[in-house]
K.L.:
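Can you keep this structure in mind? I'll have questions shortly.
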Amino acid sequence: MTPSTVDSRLPLQQQWPEALVARYRAAGHWRGETFPGFLRERAERHADDIAVVAGDVRLSYAQLWHEAGRIGAGLLALGLQPGERVLVQLGNTAGFIATVCGLFRAGLVPVYALPAHRITELAHFARKAEASAYISTDVHEGFDHRGLARALQAEVPAVRHVLIDGDAAEFVALESLQGDRSQLPADPDPQSVAFLQISGGSTGLSKLIPRTHDDYIYSFRASNEICGIDRDSVYLVALPAAHNFPMSSPGFFGALYAGARVVLSPGPGPDAAFPLIAREKVTCCGLVPPLALLWAQAAATSRHDLSSLRVLQVGGAKLVPEAARRVIDGLGCTLQQVFGMAEGLVNYTRLDDPQDLVVACQGRPISEDDEVRVVDDHDQPVAEGEVGHLLTRGPYTIRSYHNDAAANARSFTDDGFYRTGDRVQQLPGGYLVVQGRAGDHINRAGEKISAEEIEDHLLAHPGVFDAAVVSIPDDYLGERSCAFVIQQGEAIKAPALKAWMRGRGLAAFKVPDQIVFVDSFDTTAVGKISRRELRAQLRARHLQQTGGTR
Ligand code: OOB
């Protein structure tokens, strides 16, 4: 049987009320475009232009489309059905982009894991998404992902298929996929879910974020305009490509939409990126603050020609004004601050904003239809210019998480605003200054870590009686994690506890940077206090004792 339409096992995401759907369509935000639709069109229009550069691989738009067709048809030939979810964990390779485009062509729904994720996270994503397949690489940065695939199938047998880019061992090699392209389905409903992105996870485990074709394409099409991406642009992916920032702000999808060139760097440091900037004449790249500072420093003594770089975007974590100035001085290009979230809302400083504004704020929303509210603890608007919680809804901000009623009740207001968890101040013109997080997570150089998730891991150790995890200011990372631990039974040492955490199979960036053993959590408060207050007290006392940053 030829699957003529997408048999999406995910319900169509009819979560925006009709009135808003009509408004976003009338405004021209949602144009009924789809991933396969625009990729096909670009392949026809810019067939021989180079779309993707990674290592020695250079794929033209026609080749990317062809490769995506091979992968998509091959996956359907294995028995996967349009609408099924596929966990993707690949590094910054041409194979990553071809695979994702292949999944779109087959109507399969990618779930993006980061290369750093390990069995604990992968099993959670696979279960939550009810994934049927896992696509990964043989060895990435010394880590064998085939072992991870075995562990994943043992824990989540519903993951029926494993595909490997490279030496596949007992699994199916991505390169070997072949299928009948006539079996590829027609283009999907633009309102259907195109993929599931991973949330930073401020409470407990990461949530899955359903993004539709219409909403996501709007976000990077509009980003292209704001960031000056056109057919002549060369966009460098230096951060992990699976992250929302280098994917869509404007990211590699924005670049492909514009018919521009995407260059993938195997790593984010100057050693890997600078030669690529010089060779490929990169014009735009997005980084987290610590890397931007590293680049600015390295540029002073670099022998590579970085003069093609017009815009350096910095986001994912707060770039303080002094650091912003150093980035501008060091790299001599236009700085663009980006404050975004995988759930939707993205703010940019504009390329023609005065420099004093660029260094002092995190930008303003993409769209005139992004609704922003800054409220107090009771959801009441704060006075103009006061700091409050940021709530938002709009044409590319989700209205609910995938399959997570508890998180939805916490994270969305009755009228569909997303509670970002960020505390912001709104300046005239709608510019936002991020003042921190209300919730308990650690933003470690852009990697978000949930205190609760790490405490749960620590509590699984027989020698841990109680644990509280907090963020500590860090000159380089912005924030680092510190775990306060009360021991029980035989004494444990910090290195052993860290090694044990790593052994549990979780992303290395989640292992606490620092462990402080304490006798008790006795607080001055009367009676039982919330974990949140406890963390705040421990953090405050620690910072007082250590003078701020140790
Ligand atoms: C980006 O996305 P996520 O989902 O990894 O993290 C979102 C959170 C925000 O809620 C905020 O707490 C923090 O990351 N954040 C920033 C920031 N950009 C993100 N905090 C302060 N200043 C900034 N410039 O991180 C993301 C997604 C798309 C584009 C850029 C970043």
Side-chain angles (χ1 to χ4, degrees), residues 112-114 116-117 196-203 206-209 211 215-216 219-220 222-223 226-227 235 237-254 284-292 312-321 323-324 327 335-349 358-366 370 372 387 389-392 396-398 401 411 418-425 431-451 471 473 477-479 507 509-510:
Y112 301 124
L114 294 171
H117 286 136
L196 297 170
Q197 184 61 276
I198 305 296
S199 81
S202 48
T203 28
S206 287
K207 295 158 300 257
L208 299 182
I209 298 169
R211 301 293 299 260
D215 92 72
Y216 208 62
S219 78
F220 56 74
S223 294
I226 293 168
C227 307
Y235 179 84
V237 181
L239 296 171
H243 190 275
N244 197 61
F245 181 15
M247 186 176 285
S248 67
S249 303
F252 67 84
F253 277 135
C284 179
C285 180
L287 291 178
V288 291
L291 284 166
L312 186 77
Q313 307 178 291
V314 181
K318 171 107 179 213
L319 183 71
V320 294
V327 171
L335 168 71
Q336 180 174 51
Q337 294 223 31
V338 189
F339 162 41
M341 52 210 71
E343 283 83 353
L345 182 71
V346 180
N347 304 274
Y348 295 105
T349 54
V358 172
V359 300
C361 77
Q362 279 63 55
R364 63 179 163 88
I366 289 179
D370 280 319
V372 162
V387 176
H389 305 285
L390 171 64
L391 312 183
T392 187
Y396 60 97
T397 296
I398 56 164
Y401 288 108
S411 304
Y418 167 56
R419 299 183 188 277
T420 65
D422 294 312
R423 289 174 59 72
V424 299
Q425 177 195 18
Y431 287 83
L432 299 173
V433 182
V434 181
Q435 301 284 0
R437 293 275 308 174
D440 289 332
H441 89 179
I442 298 106
N443 189 337
R444 188 182 189 277
E447 311 259 33
K448 317 304 181 313
I449 304 164
S450 149
S471 71
L477 297 167
E479 292 177 9
F509 64 80
K510 294 184 184 171

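Both backbone and side-chain heavy atoms feed into the values below; hydrogens, waters and symmetry mates do not. Ligands are counted one by one from 1 in listed order, and the atoms in each one are counted from 1 as well.
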K.L.:
I'd like to know if the side chain of N443 and the backbone of G316 have a donor-acceptor N/O pair within less than 3.5 Å.
P.N.:
yes
K.L.:
Judged by atom type as modelled, is there a donor-acceptor pair below 3.5 Å linking the side chain of R437 to the main-chain atoms of T420?
P.N.:
yes
K.L.:
Report the nearest protein non-hydrogen atom to atom 10 (O) of ligand 1: residue, atom name, distance rounded to 0.1 Å.
P.N.:
D422 OD2, 2.6 Å
K.L.:
Would a distance-only check, ignoring hydrogens and angles, find a side-chain to backbone donor-acceptor pair under 3.5 Å from Q337 to V358?
P.N.:
yes
K.L.:
Without swapping roles, check the side chain of Q362 against the backbone of F339 for a donor-acceptor pair under 3.5 Å.
P.N.:
no
K.L.:
Looking only at distance, does A342 have an N or O less than 3.5 Å from an N or O of ligand 1?
P.N.:
yes
K.L.:
Does even one non-hydrogen atom of K448 get within less than 4.0 Å of ligand 1?
P.N.:
yes
K.L.:
Could you check whether any side-chain N or O of K318 sits under 3.5 Å from a backbone N or O of V434, counting only pairs where one atom can act as donor and the other as acceptor?
P.N.:
yes
K.L.:
Looking at ligand 1, would S249 count as a contact under a 4.0 Å heavy-atom criterion?
P.N.:
yes
K.L.:
Do any N or O atoms from the side chain of R211 and from the backbone of A342 form a donor-acceptor pair under 3.5 angstrom?
P.N.:
yes
K.L.:
For atom 26 (C) of ligand 1, find the nearest protein heavy atom and state the residue, atom name and distance (0.1 Å precision).
P.N.:
G340 O, 3.3 Å
K.L.:
Ignoring hydrogens and angles, state whether a donor on the side chain of D370 or Y396 is under 3.5 Å from an acceptor on the partner side chain.
P.N.:
yes
K.L.:
Check each heavy atom of R437 against ligand 1 and say whether those closer than 4.0 Å belong to the side chain, the backbone, both or neither.
P.N.:
side chain
K.L.:
Relative to atom 28 (C) of ligand 1, which among N347, T349, N244 owns the nearest non-hydrogen atom?
P.N.:
N244
K.L.:
If you have a sec, work out which protein heavy atom is nearest atom 21 (C) of ligand 1 and how many Å separate them, to one decimal?
P.N.:
K318 N, 3.3 Å
K.L.:
For atom 13 (C) of ligand 1, tell me which residue out of G316, S223, P246, A317 has the closest non-hydrogen atom.
P.N.:
G316
K.L.:
Counting N and O atoms only, with roles assigned by atom type, does the side chain of S199 sit under 3.5 Å from a partner on the main chain of K207, one being a donor and the other an acceptor?
P.N.:
yes
K.L.:
Answer with yes or no whether H243 contacts ligand 1, where contact means a heavy atom under 4.0 Å from a ligand atom.
P.N.:
yes
K.L.:
With a heavy-atom distance limit of 4.0 Å, tell me whether V338 approaches ligand 1 through its side chain, its backbone, both, or neither.
P.N.:
both
K.L.:
Side chain or backbone of Q362 under 4.0 Å from ligand 1, or both, or neither, by non-hydrogen atoms?
P.N.:
side chain
K.L.:
Can you list the ligand 1 atoms lying under 4.0 Å from a non-hydrogen atom of N443?
P.N.:
13 (C)
K.L.:
Where does L319 meet ligand 1, judged by heavy-atom distances below 4.0 Å: at the side chain, the backbone, both, or neither?
P.N.:
neither
K.L.:
Once rounded to the nearest 0.5 Å, what's the spacing between atom CG of D215 and atom OG1 of T397?
P.N.:
8.0 Å
